Amino acid sequence: MNTKLEFKSAVASIALLLGMSSPLVAAEAPTPGYNNKIPASIMTPNKVETSIGTLEFHDGAPTVKTSRKIYDNLNTIRATETFLNAIPMASVEALRIGHENLGITQSNQVLLFDKLMDSNPLFLTGNTDTVYASAFLDLKRDGPTVVEVPAGMGPTTVNDAFFRFVTDMGIVGPDKGKGGKYLVLPPGYKGEVPKGYFVSESTSYTNWFIARGFLKDGKTDSAVQAFKQHLKIYPLAKQTQPPKMVFKSGSGLEFNTVHANDFHFFKEIQPVLEKEPVSFIDPELRGLMASIGIQKGKPFAPDEHMTELLSDGVAIGNATARSLMFQPQDDSVYVYPNRLWKTAFIGGDYRWLIDDGEGGRNLDARTYFFYMATVNTPAMALKLIGKGSQYAMLDKSKDSAYLSGSKTYKLNIPANVPAKNFWSIVAYDTQTRSELQTGQQFPSRNNQRDDLAQNADGSVDIYFGPNAPEGKESNWIQTVPNKGWFILLRLYGPLETWFDKSWQPGDIVEIK
């Protein structure tokens, strides 16, 4: 028996139990240049292979070449993040500019789609089914602004310059479709607030008013008359002598309201920062923008090299937004487990908050929505039986292939569609996310406006293709050969069977 060896082992064991190092146990060799062993996880090798290439260091200090590569990458990343996070403000600004180019520059001037919205304008997933009345409020110029809405209006909303919800009006608003007077206050307003109004305070000076009037017997006349006779928008300061309302028809006009997907995007958001108060967006987003040279009160003048980096960043951002929209990784985007229909509001929250904010904001869900759509209201996200609206998007056939304008497809809409007011299918272009431009005035079918042929079981088959299948013209939506497209199903006044999913639309299937 080796008693000396047993003694050393016993001492080492006692030392370990007491949390002590034993002088009788050899310590690990120190890291070269140090007195002790340094964890490898906190060290940086002289060469590190990454997705942006080899990074080189002098004992942890980056070389000049590596630093330049890192800063270029950082600027590219921040340009991408600015694009993805600022899409809402760029989209509102593009809408404002589109109106301005048509002469809609004052709050009493309204763009009225008296003959509905056709496919001529570039307008993110606009519908062909309701009478739009669109105007912009300038609370910086006009101060508190009054909006008088007529009775019987469909879902109507005011959004701020970041597409944040300000107030609903009409059937989903506090007037409950009876009509009423609304007062929208500028950010930080400290003045007297008169009684007799539904009052909201906006977080920005620019606000978009978008109203929807319903068709009656498939016609626009009733809604158009209500808007022209009863819609009033004017500064509170001019309530005794409000300016005369001016209505400009938007039907048939060609104009753009879609934000840029290239370097020009940054030039679209710079003026927004200049006009709006600093508090309009949070310090993190302001800091992100400032890091690439976009800051309130300072010129945006990137040099040639920075312009290249920003252009690269926005190109990556655009590809990211399109991937979120057309190839989502989040399974919660799908309305049904066995079909490819997608929801508009991932998570069912118009603020895109996860677990009511405990999980933060779902940034990808917000980007997904605003890259394809406009208007933000709880009435589009919450369960409101018989009120508001619900949407589902489909961009692939049953075999998970993108929809091709060269092929012919069929979509079955089962009987008893859960829509109190109406339902419709509208086709959109995958490039512009606007109505598909074809030989048809309206790339859509609507159960109120159109005389749709029904099957024996009460269901309706909608056909898509460059040419109508024989005898199916009344149920046909035209497509463009070699052009991608997708559709939105709209339900106005959604009913319980939509929310409990006992009613489900069919898949799109290729028939030729």
Side-chain angles (χ1 to χ4, degrees), residues 50-53 69-97 122-125 161-164 256-273 280-295 300-330 333 342 344-346 352 360-374 376 393 395 402 428-434 484 486:
T50 73
S51 61
I52 61 172
K69 183 181 293 187
I70 288 299
Y71 284 123
D72 283 354
N73 183 60
L74 187 60
N75 285 325
T76 302
I77 290 173
R78 286 176 172 168
T80 298
E81 287 295 326
T82 295
F83 177 83
L84 294 173
N85 287 290
I87 284 174
M89 63 189 287
S91 188
V92 176
E93 179 66 359
L95 276 162
R96 189 194 66 78
I97 292 172
L122 298 177
F123 198 109
L124 294 176
T125 53
F162 201 90
F163 259 127
R164 288 177 295 237
N256 178 42
T257 68
V258 180
H259 64 79
N261 287 322
D262 59 10
F263 177 79
H264 186 70
F265 177 91
F266 301 113
K267 293 187 176 182
E268 289 177 334
I269 62 176
Q270 170 70 21
V272 181
L273 288 184
F280 163 62
I281 53 177
D282 61 44
E284 283 75 18
L285 185 52
R286 290 203 304 271
L288 186 64
M289 294 179 180
S291 72
I292 58 172
I294 304 173
Q295 185 176 345
F300 175 55
D303 60 22
E304 183 177 352
H305 181 61
M306 187 64 170
T307 298
E308 291 177 358
L309 296 175
L310 296 183
S311 298
D312 186 39
V314 76
I316 295 170
N318 176 52
T320 303
R322 288 179 179 273
S323 295
L324 291 171
M325 179 177 174
F326 294 111
Q327 295 285 358
Q329 294 187 100
D330 184 353
V333 70
K342 293 185 282 192
F345 285 86
I346 298 174
W352 293 275
R361 197 182 309 279
N362 189 333
L363 299 177
D364 288 349
R366 185 176 67 182
T367 298
Y368 162 90
F369 179 85
F370 285 114
Y371 195 74
M372 71 167 170
T374 63
N376 178 19
M393 181 179 81
D395 53 36
Y402 284 135
Y428 298 95
D429 175 13
T430 51
Q431 280 281 4
T432 65
R433 294 93 68 212
S434 302
F486 66 96

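Model, not experiment: these values are computed from the prediction. For the single chain, residues carry numbers from 1 onward in sequence order.
A heavy-atom distance below 4.5 Å is found between the side chains of Gln327 and Tyr402. Between Asn362 and Phe369, the closest side-chain pair of non-hydrogen atoms is not below 4.5 Å. Within the 4.5 Å cutoff, side-chain heavy atoms of Phe280 are placed close to those of Arg164. With a 4.5 Å cut-off on side-chain heavy atoms, Val258 and Leu124 count as touching. Proximity of Phe263 to Pro302: side-chain heavy atoms (C-beta onward) are separated by under 4.5 Å at one or more points. Residues Leu273 and Ile281 form a side-chain contact, since some pair of their non-hydrogen atoms from C-beta on lies under 4.5 Å apart. In this structure the side chain of Val272 never reaches within 4.5 angstrom of the side chain of Val92, judged on heavy atoms. With a 4.5 Å cut-off on side-chain heavy atoms, Gln329 and Asp364 do not count as touching.
Looking at Glu268, its side chain does come within 3.5 Å of a backbone N or O of Ala260 through a donor-acceptor pair. No donor-acceptor pair closer than 3.5 Å links the side chain of Arg433 to the backbone N or O of Ala373. Side-chain N or O atoms of Lys267 include none that pairs as donor or acceptor with a backbone N or O of Phe300 at under 3.5 Å. Put simply, the side chain of Asn75 gets close to the backbone of Tyr71: a donor and an acceptor are under 3.5 Å apart. Side-chain atoms of Thr432 do not come within 3.5 Å of backbone N or O of Leu122 as any donor-acceptor pair.
Residues Ile346 and Trp352 come closest through the heavy atom pair O-CD1, 4.0 Å. Pairing each heavy atom of Ala290 with each of Gln295, the nearest pair is CB-OE1, 4.0 Å. Across all non-hydrogen atoms, the minimal contact from Ala94 to His259 is CB-N, 3.6 Å.
In this structure, NZ on Lys342 lies 7.0 Å from CE on Met325, to the nearest 0.5 angstrom.
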Derivation of the side chain to side chain contact (heavy atoms under 4.5 Å, CB included) call for Leu324 and Tyr371: CA-CA 9 Å; Leu324 291 171; Tyr371 195 74; over 6 Å; no
Step-by-step side chain to side chain contact (heavy atoms under 4.5 Å, CB included) determination, Ile87 to Tyr368: CA-CA 10 Å; Ile87 284 174; Tyr368 162 90; over 6 Å; no
Steps toward side chain to side chain contact (heavy atoms under 4.5 Å, CB included) verdict (Leu95, Phe163): CA-CA 11 Å; Leu95 276 162; Phe163 259 127; 3.7 Å; yes
Step-by-step side chain to side chain contact (heavy atoms under 4.5 Å, CB included) determination, Asp72 to His305: CA-CA 9 Å; Asp72 283 354; His305 181 61; 3.0 Å; yes
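Residues satisfying the ring pair (Phe, Tyr, Trp, His ring centres under 6.0 Å) criterion with Tyr428, sequence neighbours excluded, are Phe486.
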Name the atoms and distances for all side-chain donor-acceptor pairs under 3.5 Å in residues 77-85, with sequence neighbours left out.
| residue | atom | partner | partner atom | Å |
| --- | --- | --- | --- | --- |
| Thr80 | OG1 | Thr76 | O | 3.1 |
| Thr80 | OG1 | Gly313 | O | 2.8 |
| Glu81 | OE1 | Asn85 | ND2 | 3.2 |
| Thr82 | OG1 | Arg78 | O | 2.8 |
| Asn85 | OD1 | Arg366 | NH2 | 3.3 |
| Asn85 | ND2 | Glu81 | O | 2.8 |

